[in-house]
Amino acid sequence: MAKITDILRTMEYGPSPESDEHVRAWLASHRDGFGHFVSGRFLKPGALFDVNNPATGERIAGVTQGTAADVDAAVRAARKALPKWSGLSGDARARHLYALARHVQKRERFLAVLESVDNGKPIRESRDIDVPLVARHFYHHAGWASLTASEFPGHRPVGVCGQIIPWNFPLLMLAWKIAPALAAGNTVVLKPAEFTPLTALAFAEICIEAGLPPGVVNIVTGDGSTGAALVAHEAVDKIAFTGSTEVGRAIRQATAGTGKKLSLELGGKSPFVVFEDADLDSAVEGVVDAIWFNQGEVCCAGSRLLAAESIAEKLYAKLRARMAHLRVGDPLDKSTDVGAIVAPVQLERITRLVDQGVREGAKIWRAPGALPERGCFYPPTLVTDVEPASTLAREEIFGPVLVTMTFRTPDEAIALANNSRYGLSASVWTENVNRALEFAARVKAGVVWINSTNLFDAAAGFGGYRESGFGREGGREGLAEYLVADAPKGRTNAKALAPPALTALPGQGPAPGADAIDRTAKLYIGGKQARPDSGYCYAVLDPKGAAVGLAGLGNRKDVRNAVEAATKASSWGAATAHNRAQVLYYVAENLEARATEFAERLRAMTGASLREAREEVETAVRRTFYYAGFADKYDGAVHATRTRFVTLAMNEPWGVMGLVCPNEAPLLGFVSLVMPAIAMGNCVVVAPSAAYPLSATDFYSVLDTSDVPAGVVNIVTGDSATLAKALADHDGVDALWYVGSAEGAKAVEAASAANLKATWTRQAPLDWREAQGREFLRRATQVKNIWTPYGE
Ligand code: NAI
Ligand code: MG
């Protein structure tokens, strides 16, 4: 044994292992392997795969590889349990969630040790962060179970939810998925990651203990093929996925056109920005929590350190000094800071990426000291001399590797921060509140931490911008993902209209047998009328087949020009909501002043009666007033998270939205999509009704006379499918609404997989008289949560 005087000389920690006795006993009692958890009981184990402790390489369990038949059994169980569970009173569901929270708390230590043994994360983190947050999540959502009916009137549960989670926070991600789903009245089939299925199976036991009705939670273990079977299952109503962007894209493809609701929480390459006036010592501790928390296997890890040039060297020096004190080793040791990497493949991936970075010229620095001799360990690594375009600056490494770059001005900091296809989180360090909040407003990220990092709470939304996915988890905005709005109750008088086959006519016509036609309606791009790139137009026919006008036949190039114009008009999003409201009021007034003319146009195109046509125009006017009124009222929230933090949930516009309008209701359909989108500050590229585009082209002059800035509304007429595809393919379109056919919806969703834009597809016919409300505003925005500390 070391003498006290020796210890005082070296100040070395002795080992301080947490006991794994209970976990070992539990694993021993499942020596024959774990089966799936279906309908409230464990099935007999099937073909097993090995589950390992990454810190030792030791096999600790055998778990069943789920087949499509297993998935089917679990989905059936969930479907069977659905009516009763969703029919329970909110309070009754709340009691169940509350019981789950209580039981998690009772088993806190066991779950923490099991998590560390399975995943390799330090016990300090599983004990103090993961498991307490799991309990917090179930408590929080027990509350939502009681409140869903009153807080979300007119909504119902989605149904059976397929949930697929990764290995980095196995039990916490389970809680993030299961708690809101159950609170809202859904039943679930969850597939844990193949590297870390054990805490999910322990949770299944908790479900039994806590008396959860059979079939409400089902757990099927297995690898990606099991996940794919769950995604493909017809009786699943929603998929919630957390994991790699690559698999997220595959899931977007696989669910395209199926009507399954989808939320994706994907990767990140999040900036950690240190301005010259930051408290550097706090920032250094922040870096430790940003990138060495959970071995850097964190989707929102602050993996790109952007430092003001003037303090960069000083910051790196402090960082190196701090790194020398990070303790890498046994996850069960209470003084370990950095544990084991989850599995050999992940260790190889990290090693490969860093090696490639070094070949590209990056310099790496690591603290001296040996790693444990066995197990999957990677040393905390600081990377300098990287270019913004280099592999290490762009790719998600998902390991304890920090890359650094410098900036000179705040604008440059923002530009560098946003120079990523991802947009999950950002952390900013400065003592200047104005600078911090300006950065928070301008950074493209779903979560922003000011002078802090990696803070989570059940009451705050979490989720990304751009290729980090869509949808939120946590808080009110997360719960909304597990609900759907009831279909409007009003009668649907609309008839679905088959998309017309458009015949391209050269230039300005002539239209067949139509002397009433005086001109071709052009496109409207950047506030100006524009000829279509193709040089072609098409005849707009009334129901009897007589031509009532000509419209431009827009193509991909026109869409590109329109997106460019919309992007240039982005200051619309920064205008005050009051200003936007004024512009919308003006639009409504000008439309009203020309009601007769618009009604006549509708009659001529669609053959509607005068009464119907008038009603459509009047409703369009009222709808514009409605969204004008809402422009400065659909505001955000301050979430009640931690003490000494205000967590601001801001509704931000997407930026550029594509809107593909229905054929029916040529004016009202157009207005119903355009007005909520621009009221929230988006600039839009609209494909109006292909059959009856002339109400939209008449609308140019309303826009022109109503002070709508150039580029805020751009209109491209033509074939809906062509224009929808061009919008879906365009990287500059941040979100896309599509109303039309089932095949059209499928094409749009599939094409959107490439850049993971958020889509909202609805099948015609809809009763457009009813189509307005908060849901449109929610879909026109994304929520950014900004964690703002106060106090010294
Ligand atoms: P992954 O995305 O393959 O795994 C996540 C989950 O998806 C697992 O449960 C897996 O079984 C399942 N899955 C895999 N293929 C599927 C498919 N085709 N259909 C349905 N489910 C499927 O991630 P993986 O391979 O474990 O890690 C690779 C990289 O992904 C990591 O190096 C990291 O960069 C990133 N990653 C990001 C995560 C995040 O939270 N953002 C989490 C895990 C990994
Ligand atoms: Mg494991």
Side-chain angles (χ1 to χ4, degrees), residues 49 51 54 63 65-66 68 71 118-121 162-174 176-177 189-200 219-233 236 239-255 260 262-270 291 293-301 303 341-354 376 378 391-392 394-401 421-425 446-447 454 456 462-464 466-471 473 753 756:
F49 63 90
V51 175
V63 167
Q65 167 60 34
V71 167
D118 195 2
N119 163 282
K121 64 174 68 203
Q163 307 184 313
I164 299 168
I165 57 174
W167 41 258
N168 52 346
F169 294 90
L171 191 62
L172 184 56
M173 289 303 105
L174 173 148
W176 281 24
K177 296 278 180 293
V189 177
L190 176 123
K191 193 204 79 69
E194 53 272 42
F195 299 135
T196 55
L198 298 179
T199 44
I219 292 173
V220 179
T221 49
D223 61 13
S225 67
T226 315
L230 184 55
V231 169
H233 199 292
V236 170
I239 294 291
F241 173 77
T242 300
S244 62
T245 295
E246 188 192 347
V247 173
R249 264 193 246 288
I251 292 177
R252 170 71 292 182
Q253 284 281 357
T255 55
K260 286 189 177 99
L262 181 62
S263 52
L264 299 175
E265 201 269 272
L266 309 175
K269 188 75 185 178
S270 297
I291 186 68
F293 169 54
N294 207 38
Q295 298 73 244
E297 296 166 329
V298 181
C299 48
C300 53
S303 52
I341 300 299
V342 72
V345 288
Q346 187 61 16
L347 185 61
E348 280 157 29
R349 183 186 145 87
I350 298 167
T351 310
R352 179 167 40 78
L353 279 168
V354 173
C376 284
Y378 196 90
T391 304
L392 290 183
R394 278 190 355 254
E395 296 294 318
E396 179 176 50
I397 300 170
F398 230 63
V401 180
R421 58 202 170 96
Y422 295 115
L424 190 49
S425 67
V447 186
N454 275 342
F456 312 99
F462 182 91
R466 299 173 162 177
E467 293 188 24
S468 293
F470 42 79
E473 297 188 285
L756 287 164

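Worth saying up front: this structure is predicted, and the values here are computed from it rather than measured. Hydrogens, waters and symmetry mates play no part in the numbers below; they use all other heavy atoms, side chains included. Counting starts at 1 for both ligands and their atoms, following the listed order.
- For atom 4 (O) of ligand 1, the protein comes within 4.0 Å by no heavy atom at all.
- Looking at every heavy atom in both residues, Val401 comes nearest to Ile291 through O-CD1, 3.5 Å.
- When Ala343, Ala193, Gly222, Pro166 are checked for heavy-atom proximity to atom 43 (C) of ligand 1, Pro166 turns out nearest.
- In terms of protein heavy-atom proximity, atom 29 (C) of ligand 1 is closest to Ser244 CB, 4.1 Å.
- Remark: atom 25 (O) of ligand 1 lies closer than 4.0 Å to no protein heavy atom.
- Per-residue contacts place Ile164 under 4.0 angstrom from the following atoms of ligand 1 (heavy atoms of the residue considered): 6 (C), 7 (O), 9 (O), 12 (C), 20 (C), 21 (N).
- Interface atoms of ligand 1 facing Arg349, defined by a heavy-atom separation under 4.0 Å, are 31 (C), 32 (O), 34 (O).
- Rounded to the nearest 0.5 angstrom, Asn119 CG and Thr199 OG1 are separated by 8.5 Å.
- Looking from atom 33 (C) of ligand 1 to the surrounding protein, the closest heavy atom is Phe398 CG, 3.3 Å.
- The main-chain N or O of Thr255 is never found under 3.5 Å from a side-chain atom of Lys260 such that the two would form a donor-acceptor pair.
- Within ligand 1, counting atoms from 1 as listed, the ones closer than 4.0 Å to a heavy atom of Asn168 are 40 (O).
- Judged as a side chain to side chain contact (heavy atoms under 4.5 Å, CB included), and not counting sequence neighbours, the contacts of Arg249 are Thr245, Arg421, Glu467, Leu756.
- Residue contact check for ligand 1: Phe241 places a non-hydrogen atom closer than 4.0 Å to it.
- Residue Glu396 has at least one heavy-atom neighbour below 4.0 Å for each of these atoms of ligand 1: 33 (C), 34 (O), 35 (C), 37 (C).
- Formation of a donor-acceptor pair under 3.5 Å by the Ser263 side chain with backbone atoms of Gly471 is not found in this model.
- Under a 4.0 Å criterion applied to the non-hydrogen atoms of Gly227, ligand 1 contributes the atoms 19 (N), 20 (C), 21 (N).
- Residue Ile165 has at least one heavy-atom neighbour below 4.0 Å for each of these atoms of ligand 1: 6 (C), 8 (C), 9 (O).
- Ion pairing between Glu297 and Lys121 fails under the 4.0 Å rule for side-chain N and carboxylate O.
- Heavy-atom proximity to Gly267, at under 4.0 Å, picks out these atoms of ligand 1: 41 (N).
- Using modelled atom types and a 3.5 Å distance limit, the side chains of Thr226 and Gln65 yield a donor-acceptor pair.
- The shortest side-chain heavy-atom distance between Asn454 and Cys300 falls under the 4.5 Å cut-off.
- Each of the atoms 39 (C), 40 (O), 41 (N) of ligand 1 lies under 4.0 Å from some heavy atom of Cys299.
- When side chains are defined from C-beta on, Phe398 does not count as touching Ser244, because their heavy atoms never get closer than 4.5 Å.
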